[in-house]
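See structure below.
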Amino acid sequence: MRFLHIIYAIIAKSEVLCIFNYKLSLILNLIYKSLLTSVIDKIMVVASEPKVKLNKIEKAKADKDGLAVKDELEYFAKIGWEAMDKTDLEMRLKWLGVFFRPVTPGKFMLRLRIANGTLNSAQMRVLAEIVQRYGDDGSADITTRQDIQLRGIRLEDLPDILVQMKAIGMTSIHSGMDNVRNLTGSPHAGIEPDELSDTREWLQNCEGVVTNQGEGNYAFSNLPRKFNIAMEGDEIISIHAEINDLAFVPADRDDVLGFNVLVGGYSSAQRQVEAVPINVWVPANDDVIKLSIAILTVYTQNGLTEGLRENRQRARLMWLVDTWGVERFRAEVQEEFGQTLATAALKDEITQDKKDYLGVHPQKQQGYKFVGLHVPVGRLSADQMFEVARLAEVYGQGEIRLTLEQNLLYPYISEDKLEAFLAEPLLEVFSINPAPLTRSLVSCTGNNYCNFALIETKQRALKLARELDEELEISDRVRIHWTGCPNSCGQPQVADIGFIGTKARKDGKTVEAVDIYTGGKVGHEAELGSRIEKGVACDDLKPIIRDLLIQKFGARPKQNH
Ligand code: SRM
Ligand code: SF4
């Protein structure tokens, strides 16, 4: 180009002197200008592209898609985790649901996908066998997304474990990092006598499309950030629609049952924001899945141009909605959907507050009850998992449900076996009617396994709840949620009382502490709670919470307390 520029300059000059050069000059002039135009065009295109500074994770994903490690797992298992590339180990393995735990190096966590929290006894038994082989290191947690995480897993066993899981129709794919996470729905779907719509079918179909039937799906393996989907099928809302990136809530439109659509809810260290309606209603048919895919596509395809891939703290779907406004967001989704979207139904069908479903409940199907069991902070040992599976087979039809409150639910307990079921020893540990504070306790993983954690959560949460249950008479349940750091995995903002782990100074020392939140409401008038106290040392917490329970939640001290 530079050479051409010089030639053109010479000819152009000599052109003035010599008319014979005219034709040559004209031809060169044309070549030069067309080349120049194409270069200018290129410059203009580059200049018109937004200047994107990809964040570290985006660069790593651009180098190699997270899902690519699926084909390398055998190799990793052979070389061992110590020899693995750091980014593969700490980041990309999460696309397979495999989490390296810096707190327990070499003992991995495996996060499954259990759409709508529905599994069967055969699956539970295989999961129990997997963790059993790791002795004291092996356990499982029911998560706040109606899911199960297995602990103590060794890398060398993972290829076999994934094969075993596939054989029982389970997968862990896409369950971490920038993927669509476990799909949550009503835990009582299909068994609640008055339910409006059974969410299981939609969620399982959506799961199949998103994960490519568990094989992994490159279409959705590089979202700008995680993506949470929830769907409610009942007038008693059990999901947390308000903190999901995409939520479907039941709504009648012209006497047809369907769902109003909310988007953008999330909680993070920097921002907690409720999902907003986008004035869309979809009927309860395959449009639910089509719309989910359209929203995911719009989110993924505009991530780069709209700056979502620059800053991890500004990458969730709500940031795109903020940038465009709801109207444009709706229009873009409609374009992707390929049909005119119906406007939202005037009101949704959510009329009742969230229930916990512990205890015995009438079931839609005659002759059966469904029974909710409380699993203290969601933790299960291998032996307990075997028992959970056995009870489902002996007393039910082999089906087990998980709740967002980290509990278990058994459908199809035949009425003639109910008494014997309730007398089972497992129900002494996993009670159907625990004391009010223990009953509604939720806790994230905390510092036993999570390197983000600023405090220990699960044991501390249980101890405080049990002690206060001993001391106080409380007529209503009080939902207390603990989370070990501001990432808010334990959903403290939706709780009556929420604790977020932090550090504070006490007597010249740094100690484990919490920020205290209150006012979270769930159900038909959901609201996020707000912070009332900062940096309270965990050791000083009990009298403060005792007072709070007495003043705000109608608790009364029991005699002798
Ligand atoms: Fe979470 C990261 C555990 C639900 C917000 N979450 C993590 C990691 C993976 C961090 C890590 O690598 O150690 C934690 C794994 C710890 C471990 O060993 O167990 C972790 N999150 C959990 C679970 C297990 C908590 C629990 O005890 O139940 C939940 C698993 C759900 C599942 O089965 O898929 C869990 N996390 C949530 C929720 C609640 C929800 O989804 O309703 C939230 C808030 C809602 C949301 O996402 O908007 C949540 N987790 C986060 C965040 C902050 C996200 C953000 O946009 O900034 C992180 C950190 C991150 O992604 O950068 C995080
Ligand atoms: Fe870990 Fe923090 Fe999530 Fe708790 S809230 S699991 S400590 S990242």
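Whatever order the structure lists ligands and atoms in, that order sets their numbers, starting from 1.
Looking at D147 next to ligand 1, an N or O pair under 3.5 Å apart turns up. The N/O atoms of R145, backbone and side chain alike, include one that comes under 3.5 Å of an N/O atom in ligand 1.
Between C444 and ligand 1 there is a heavy-atom distance shorter than 4.0 Å. At least one heavy atom of S443 sits under 4.0 Å from some atom of ligand 1. Heavy-atom separations between G176 and ligand 1 are all 4.0 Å or longer.
Annotation: D63, atom CG; neighbour count of heavy atoms from other residues, nucleotides and ligands within 6.0 Å is above 12. The environment of K506 atom NZ is dense: over 12 non-hydrogen atoms of other residues, nucleotides or ligands sit within 6.0 angstrom. Counting heavy atoms of neighbouring residues, nucleotides and ligands inside a 6.0 Å radius, atom NZ of K166 does not exceed 12 of them.
Contact detail for F99 and S175: the closest heavy-atom pair is CZ-O, 4.4 Å. For the pair M165 and L127, the tightest heavy-atom approach, listed with the atom from each and the gap, is SD-CD2, 4.2 Å. Pairing each heavy atom of T445 with each of Y449, the nearest pair is CG2-CB, 3.7 Å. The shortest non-hydrogen separation linking D141 to R151 is OD2-NE, 2.9 Å.
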* To do: Applying salt bridge (Lys or Arg N to Asp or Glu O under 4.0 Å), run through K355 and D234 and close with a yes or a no.
  => CA-CA 12 Å; K355 286 190 187 168; D234 196 14; over 6 Å; no
* Worked check of salt bridge (Lys or Arg N to Asp or Glu O under 4.0 Å) between R200 and E399 -> CA-CA 13 Å; R200 288 173 302 172; E399 204 182 316; 3.8 Å; yes
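By the 6.0 Å and 45° rule, R225 does not stack over the aromatic ring of W319.
Looking at M318, R379, R316, it is R316 that brings a heavy atom closest to atom 56 (O) of ligand 1. For atom 8 (C) of ligand 1, the candidate residues are K94, R111, M177, M109; the nearest heavy-atom contact is made by R111. Taking only non-hydrogen atoms, the option from P486, G117, G97, S267 nearest to atom 45 (C) of ligand 1 is S267.
Taking the six-membered ring for Trp and the full ring otherwise, the centers of H188 and Y357 sit less than 6.0 Å from each other.
Nearest protein heavy-atom neighbour of atom 4 (Fe) of ligand 2: C444 SG, 2.3 Å. At the shortest separation from atom 5 (S) of ligand 2 among protein heavy atoms lies T483 OG1, 3.1 Å. When only non-hydrogen protein atoms are considered, atom 2 (Fe) of ligand 2 lies nearest to C485 SG, 2.3 Å.
Under 4.0 angstrom from ligand 2, there are no non-hydrogen atoms of P486. Residue contacts with ligand 1, taken as heavy atom pairs separated by less than 4.0 Å, do not involve R312 at all. Only the side chain of N228 comes within contact range of ligand 1, with a heavy atom under 4.0 Å; no backbone atom does. Counting heavy atoms under 4.0 Å from ligand 1, residue R101 touches it through the side chain alone. Under 4.0 Å from ligand 1, not a single heavy atom of H240 appears. At a heavy-atom cutoff of 4.0 Å, ligand 1 is contacted by both the backbone and the side chain of C489. Counting heavy atoms closer than 4.0 Å to ligand 1, residue Q406 contributes side-chain atoms (C-beta onward) but none from N, CA, C or O. For E242, no heavy-atom contact with ligand 1 is shorter than 4.0 Å.
For a distance bound of 2.8 Å, the N, O or S atoms of C450 include none lying that close to atom 2 (Fe) of ligand 2. Look at C489 and atom 4 (Fe) of ligand 2: no N/O/S atom of the residue is under 2.8 Å from the metal.
Checking H374, R479, R439 one by one against D356, the side-chain hydrogen bond (donor to acceptor under 3.5 Å, both in side chains) holds for a single residue, R439. Tested against D178, the residues R312, R309, K226, K94 include a single side-chain hydrogen bond (donor to acceptor under 3.5 Å, both in side chains) partner, R312.
Near S488, meaning under 4.0 Å from one of its heavy atoms, ligand 1 places the atoms 43 (C), 44 (C). For ligand 2, the atoms lying closer than 4.0 Å to a non-hydrogen atom of S488 are 5 (S).
S267 and Q491 are not linked by any side-chain donor-acceptor pair at a separation below 3.5 angstrom, with hydrogens and angles left out of the test.
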